[in-house]
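One structure is given below, encoded as structure tokens.
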Amino acid sequence: MTVRVRFAPSPTGYLHMGGARTALFCWLFARKHKGTFILRIEDTDLERSTEEMTQGILDGLRWLGLDWDEGPYMQSEGIPLHREAALSLLEKGLAYRCFATPEQLEAQRQEEQAKGGQWRFDPFSRHLSRAESDRLAAEGRPFVVRFRVPDDAVVRFVDHVYGEQERAARDIEDIALLRPDGTPLYNLSVVVDDIRMRITHIIRGQDHLINTFKQVLLYQGLGAPLPEFAHLPLILAPGKAKLSKRAHGEVVAVTTYRERGFLPAAFRNFLALLGWAPGGDREILSTEEMIELFDLDAINRSNAVFNFTEGDPENWTDPKALWMNGVYLTRTPIDELLPYVEETLRRAGLWDEAWAGPERARFAATVDLIRQRYHSLLDFATLGRPYFTEYYAFEPEAVQRNLAEPRLRGWLPLLADRLATVDPWVHEAVEKAVRGLAEELGIKAGVLINAARTACTGQKVGPGLFEILVVLGRDRVVSRLRQVRARLASSGCGPGWC
Ligand code: GLU
């Protein structure tokens with residue numbers, strides 16, 4: 001059997017974490033079994049579906065690296081086939097026309113509820129003879145086509161995550177297949193499409209578990225073999241509230257992660273662990289490892305919790321997600337990382353074409369040096385700013401701590417002169433020059449080192465000073481050391497000596 005799985009989002013909203021995780025699990029499963037991953041856009045709710053949402057979903061999947069092998073199919077294109085299937089069920093007597101008006105149905109529902117029961121069907125329509133039903137239809141009476149749920153059956157299926165499922169058919173109402181205007185309804189369209197697309201495994205959110213009983217009946221009615229099912233646990237908000245687009249807005253939108261500097265591989269890794277544990281304590285998994293280890297039966301039944309902190313811009317997402325992004329920023333091969341950093345710098349207006357040309361090696365060395373402490377690509381444009389532009393700010397605390405000594409007013413220009421003669425501009429030579437000057441001046445090297453760090457980056461902490469100086473290059477270092485007094489004076493946070 002060739003595995004065929006589909007991701008079937010409705011384009012009535014943006015791609016959110018839950019949808020993205022479903023897509024990822026479908027994709028991992030397809031890739032693991034060398035099967036086919038199909039994308040089907042369920043746009044049959046024409047009023048609520050938009051082209052913009054469809055594009056957003058496709059962009060999100062592309063960003064996540066979840067490439068599909070077939071599609072995107074638009075569900076609306078199959079409407080004639082869905083209708084045909086409903087009519088064939090009608091023909092076989094497995095479905096019938098339900099002529100009850102919405103008011104009648106409402107009254108019936110209320111009556112059943114008052115008796116402590118549950119509405120299942122309109123008795124008048126369900127028991128109409130075929131001739132009578134044809135006559136009313138010919139008169140132009142509006143009707144819904146409904147599937148006749150058998151009275152005494154038990155609907156069963158085995159779910160890879162939730163195990164054996166069973167429900168008495170008498171607890172299931174007759175399934176609406178076609179609206180009075182002939183348009184198909186969800187359960188029908190999904191089943192007809194899954195059959196004609198020869199889907200072997202249906203992997204989707206747990207919120208669809210309840211629909212599956214109805215869909216199993218439709219498979220049986222249409223004489224098609226059942227696919228396998230795996231329903232994924234919910235993703236909950238902190239405090240175990242249901243995660244919702246409305247309440248949790250951008251924290252759950254995939255685009256937010258892209259905009260806030262996530263690497264797709266990191267986000268993919270984070271998503272994969274929402275409900276699936278590969279075994280052991282392993283958390284960082286390459287895509288290849290995920291594909292190899294992925295198993296529907298290892299998906300956890302209990303709901304996953306997404307621990308973001310709302311309203312705190314510093315901790316806007318799950319700390320584990322940020323930590324993971326940091327790990328990916330450090331471990332991604334530098335050549336793979338550079339295009340992402342480039343995009344970030346371009347967006348921040350900090351990009352210099354030279355870094356794509358003659359300064360490429362220096363750009364790579366800079367990124368490699370500073371990435372160690374970062375958690376987001378955006379950090380390259382904020383914390384990393386002094387490495388990419390002359391317009392950087394001085395942290396007042398750093399100035400107070402490292403530049404307070406009044407004699408630095410004379411020492412820093414001296415250091416600049418000394419460094420101006422260093423050639424070649426390499427770690428050892430730079431270090432020798434700095435330490436040599438400190439010795440001559442009879443001061444601790446640390447004083448010069450800390451002062452030079454703050455003078456050249458505005459910051460208090462960062463990578464080792466000599467590495468910083470090497471990647472900044474001699475010209476920029478010398479000029480920054482010479483200008484520090486004037487810059488501090490104009491920045492308003494200078495020490496007494498400037
Ligand atoms: N279109 C449905 C949704 O967005 C999914 C249908 C399915 O996966 O069966 O929730």
Side-chain angles (χ1 to χ4, degrees), residues 3-30 35-58 60-61 64 66 68 70-79 81-82 85 155 157 159-162 165 175-177 183-219 222 224 226-235 242-246 252-254 275 296 299:
V3 163
R4 290 176 62 83
V5 289
R6 86 308 195 269
F7 174 52
S10 303
T12 51
Y14 53 76
L15 185 64
H16 56 93
M17 312 245 335
R21 187 201 48 181
T22 299
L24 173 62
F25 284 15
C26 290
W27 182 85
L28 287 173
F29 187 72
T36 305
F37 176 50
I38 296 156
L39 179 59
R40 184 171 78 220
I41 304 290
E42 303 211 317
D43 62 340
T44 35
D45 184 346
L46 294 173
E47 263 163 42
R48 291 174 56 227
S49 302
T50 67
E51 174 56 29
E52 194 189 331
M53 291 301 174
T54 300
Q55 284 314 322
I57 291 168
L58 300 187
L61 293 175
L64 273 170
L66 306 182
W68 49 93
E70 282 183 28
Y73 297 118
M74 302 308 279
Q75 186 162 61
S76 56
E77 287 165 9
I79 288 178
L81 298 170
H82 308 155
V155 186
F157 64 92
D159 188 87
H160 276 280
V161 179
Y162 291 90
Q165 300 291 310
I175 308 160
L177 304 178
T183 54
L185 283 126
Y186 166 70
N187 285 306
L188 173 72
S189 299
V190 165
V191 171
V192 173
D193 282 351
D194 286 337
I195 294 172
R196 72 191 178 102
M197 294 178 186
R198 304 187 319 282
I199 302 301
T200 58
H201 294 76
I202 293 185
I203 303 169
R204 62 185 169 197
Q206 187 246 37
D207 46 336
H208 283 289
L209 200 51
I210 194 75
N211 287 322
T212 306
F213 294 100
K214 292 184 178 175
Q215 295 179 13
V216 166
L217 286 165
L218 295 183
Y219 275 96
L222 291 166
L226 275 191
E228 294 185 36
F229 293 98
H231 287 86
L232 310 177
L234 296 177
I235 303 178
K242 196 167 177 235
L243 197 63
S244 82
K245 291 188 196 176
R246 189 164 317 153
V252 299
V254 169
L296 290 179
I299 294 170

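Atoms within a ligand are numbered from 1 in the order they appear, just like the ligands themselves. Remember, it's a predicted structure, so these values are computed and weren't measured experimentally.
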Check your understanding: Do L232 and I299 come close enough that some side-chain heavy atom pair is under 4.5 Å?
Key -> yes

Study note, to complete from the structure: Residues passing the ring pair (Phe, Tyr, Trp, His ring centres under 6.0 Å) test with Y73, sequence neighbours excluded, are none

Review point. With no hydrogens and no angle check, is any side-chain donor or acceptor of D43 less than 3.5 Å from a backbone partner on S76?
Key: yes

Check your understanding: Got a donor-acceptor contact below 3.5 angstrom from the R4 side chain to the M197 backbone?
Key -> yes

Practice item. Please list, chain by chain and in numerical order, all residues satisfying side chain to side chain donor-acceptor pair (under 3.5 Å) with T212, sequence neighbours excluded. Key: R204, H231

Exercise for review: Could you list the residues that satisfy side chain to side chain donor-acceptor pair (under 3.5 Å) with D45, not counting sequence neighbours?
Suggested key: R48

Practice item. Show the protein residues that qualify under the rule heavy atom under 4.0 Å from an atom of ligand 1, listing them in chain and number order. Key: R6, A8, P9, S10, E42, Y186, V190, R204, H208

